[in-house]
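Read the numbers this way: they start at 1 and go in the same order the structure lists the ligands and their atoms.
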Amino acid sequence: MTGLISRLIFLGPPGAGKGTQAMRLANIYQIPHISTGELLRTAVQEQTPLGKKAQKYMEQGDLVPDDLMLDLVLHRLEDDDVAKGWILDGFPRTVSQASFLDHLLAEIHQKCNCVVNLEVPDETLVGRMLGRGRKDDNEQTIRHRLEVYHHETAPVIDYYRERNQLVSVNGNLPIDEVTNVLKNMLHP
Ligand code: AMP
């Protein structure tokens, strides 16, 4: 991969396919896939201090408080393997997280090249998440996560649009087609 687009942020509602597409692109371009949801699930599994604090929020479909999230991302972006690029999936999820990330990237002299917004209608999302079978994927929690998304995370889309960093992609297509659209967009 050239240095042109090697730092990506994936935005989109829960169930939009961020994780799947981020993982595929990370494999293709050989850069780390940083999923805050995955990092948190591992922390919960291992019952680390962070995991113990995050667990109840995740089970209820609420956002884990910013102070815990910022620390997590700060440390992950300090690892050596992120020097050549990264794909952030699930972060930022609030405007304050987005602003924190901007400052952090400026400090470590890195620049996000592109923010991809995967668009999928709500009715499709609920069906997809119910089929996924994750612990926080029961219907009540899913509906709550969608509400939290529209309330807290959707404003992050405007944040990046205003900064001319946003590219919207139709996520309501077969998985391979979405991957192809993304690959062509990043490396035409
Ligand atoms: P995900 O795998 O991205 O759907 O994340 C699963 C859960 O982890 C979310 O429902 C939140 O409870 C928590 N989480 C993940 N990323 C964040 C974040 N950036 N800010 C707050 N909570 C998060």
Side-chain angles (χ1 to χ4, degrees), residues 7-26 32-79 82 86-105 112 115-120 122 124-160 165-166 169 171 175 178:
R7 299 187 187 104
L8 298 176
I9 294 173
F10 267 89
L11 297 181
K18 298 187 297 292
T20 306
Q21 298 299 337
M23 198 159 59
R24 285 178 163 212
L25 293 179
H33 168 207
I34 305 176
S35 155
T36 46
E38 281 301 325
L39 291 172
L40 288 169
R41 276 187 287 281
T42 305
V44 170
Q45 221 165 16
E46 293 173 354
Q47 284 292 291
T48 65
L50 166 68
K52 285 182 185 160
K53 287 182 203 150
Q55 189 164 12
K56 61 174 185 292
Y57 298 101
M58 297 173 74
E59 282 173 359
Q60 286 163 11
D62 283 319
L63 294 184
V64 172
D66 276 357
D67 56 332
L68 299 176
M69 294 312 302
L70 305 186
D71 229 30
L72 178 71
V73 169
L74 177 70
H75 287 116
R76 185 63 186 90
L77 285 178
E78 275 173 357
D79 289 344
V82 303
W86 38 257
I87 300 181
L88 264 179
D89 152 25
F91 188 96
R93 254 181 164 96
T94 61
V95 169
S96 69
Q97 289 181 6
S99 152
F100 165 86
L101 182 63
D102 269 352
H103 288 108
L104 172 61
L105 292 179
C112 169
V115 181
V116 177
N117 179 32
L118 273 183
E119 294 184 310
V120 178
D122 274 11
T124 311
L125 297 171
V126 176
R128 279 194 192 178
M129 279 190 273
L130 282 173
R132 212 160 59 165
R134 222 167 67 185
K135 197 173 171 206
D136 56 349
D137 280 342
N138 61 72
E139 186 149 3
Q140 194 191 348
T141 314
I142 288 171
R143 297 219 177 264
H144 183 60
R145 296 220 307 278
L146 282 175
E147 272 169 35
V148 170
Y149 169 78
H150 287 298
H151 195 251
E152 305 269 351
T153 309
V156 177
I157 296 172
D158 295 329
Y159 177 95
Y160 288 115
Q165 285 179 285
L166 192 80
V169 169
I175 293 178
V178 179

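Side chain of R145 to main chain of D136: a donor-acceptor pair is present (N/O by atom type, distance under 3.5 Å, no hydrogens or angles). Side chain of R128 to main chain of A16: a donor-acceptor pair is present (N/O by atom type, distance under 3.5 Å, no hydrogens or angles). Formation of a donor-acceptor pair under 3.5 Å by the Q140 side chain with backbone atoms of Q60 is not found in this model. Looking only at distances, no side-chain donor or acceptor of K18 sits under 3.5 Å from a matching main-chain atom of D89. Side chain of Q21 to backbone of G17: no donor-acceptor contact under 3.5 angstrom is found. Using modelled atom types, one side-chain atom of T42 and one backbone atom of E38 make a donor-acceptor pair closer than 3.5 Å.
Atoms of ligand 1 found under 4.0 Å from any heavy atom of R41, numbered from 1 in the order shown, are 2 (O), 6 (C). Below 4.0 Å from some heavy atom of Q97 lie the following atoms of ligand 1, by number and element: 18 (C), 19 (N), 20 (N), 21 (C). The atoms of ligand 1 that sit less than 4.0 Å from any heavy atom of D62 are 11 (C), 12 (O). Residue-ligand proximity, T36 to ligand 1, at heavy-atom distances under 4.0 Å covers atoms 15 (C), 16 (N), 17 (C), 19 (N).
Contact annotation: for L40 versus ligand 1, heavy atoms closer than 4.0 Å belong to the side chain alone. Neither the backbone nor the side chain of V148 has a heavy atom within less than 4.0 Å of ligand 1. By the criterion of a heavy-atom distance under 4.0 Å, neither the backbone nor the side chain of Q55 is placed next to ligand 1. When non-hydrogen atoms are compared, ligand 1 lies under 4.0 Å from the side chain of R145 (C-beta onward) but not from its backbone. For M58, heavy-atom contacts with ligand 1 shorter than 4.0 Å involve the backbone as well as the side chain.
Using a 4.0 Å cut-off between a side-chain N of Lys or Arg and a carboxylate O of Asp or Glu, E59 and K135 qualify as a salt bridge. Salt-bridge check for K56 with D62: failed, with every basic side-chain N at 4.0 Å or more from each acidic carboxylate O.
Polar contact with ligand 1: absent for R132 (N/O pair, distance under 3.5 Å). Residue Y57 has no nitrogen or oxygen atom sitting less than 3.5 Å from a nitrogen or oxygen atom of ligand 1, judged on distance alone. For ligand 1, the polar-atom distance check finds no N/O of P92 at less than 3.5 Å from any of the ligand's N/O atoms. Of the polar atoms of G90, at least one N or O is found under 3.5 Å from an N or O of ligand 1, judged by distance alone. Checked by distance only, ligand 1 and D136 stay at 3.5 Å or farther apart across all their nitrogen or oxygen atoms. Inclusion of D89 in the set of residues having an N or O under 3.5 Å from an N or O of ligand 1 is not warranted. The shortest N or O to N or O distance between R93 and ligand 1 is under 3.5 Å.
Within 6.0 Å of the CD atom in Q45, the count of heavy atoms belonging to other residues, nucleotides or ligands does not exceed 12. At most 12 heavy atoms of other shown residues, nucleotides or ligands fall within 6.0 angstrom of atom NE2 in H151. Heavy atoms of other residues, nucleotides or ligands lying less than 6.0 angstrom from CZ of R143 number 12 at most.
Assignment of R134 to the shell around ligand 1 is supported, since a heavy atom sits closer than 4.0 Å. Using a non-hydrogen distance threshold of 4.0 Å, K18 does not register as a contact of ligand 1.
Taken to the nearest 0.5 Å, the CG atom of L70 stands 7.5 Å off from the OG1 atom of T94.
Shortest contact from atom 22 (N) of ligand 1 to any protein heavy atom: V64 N, 3.0 Å.
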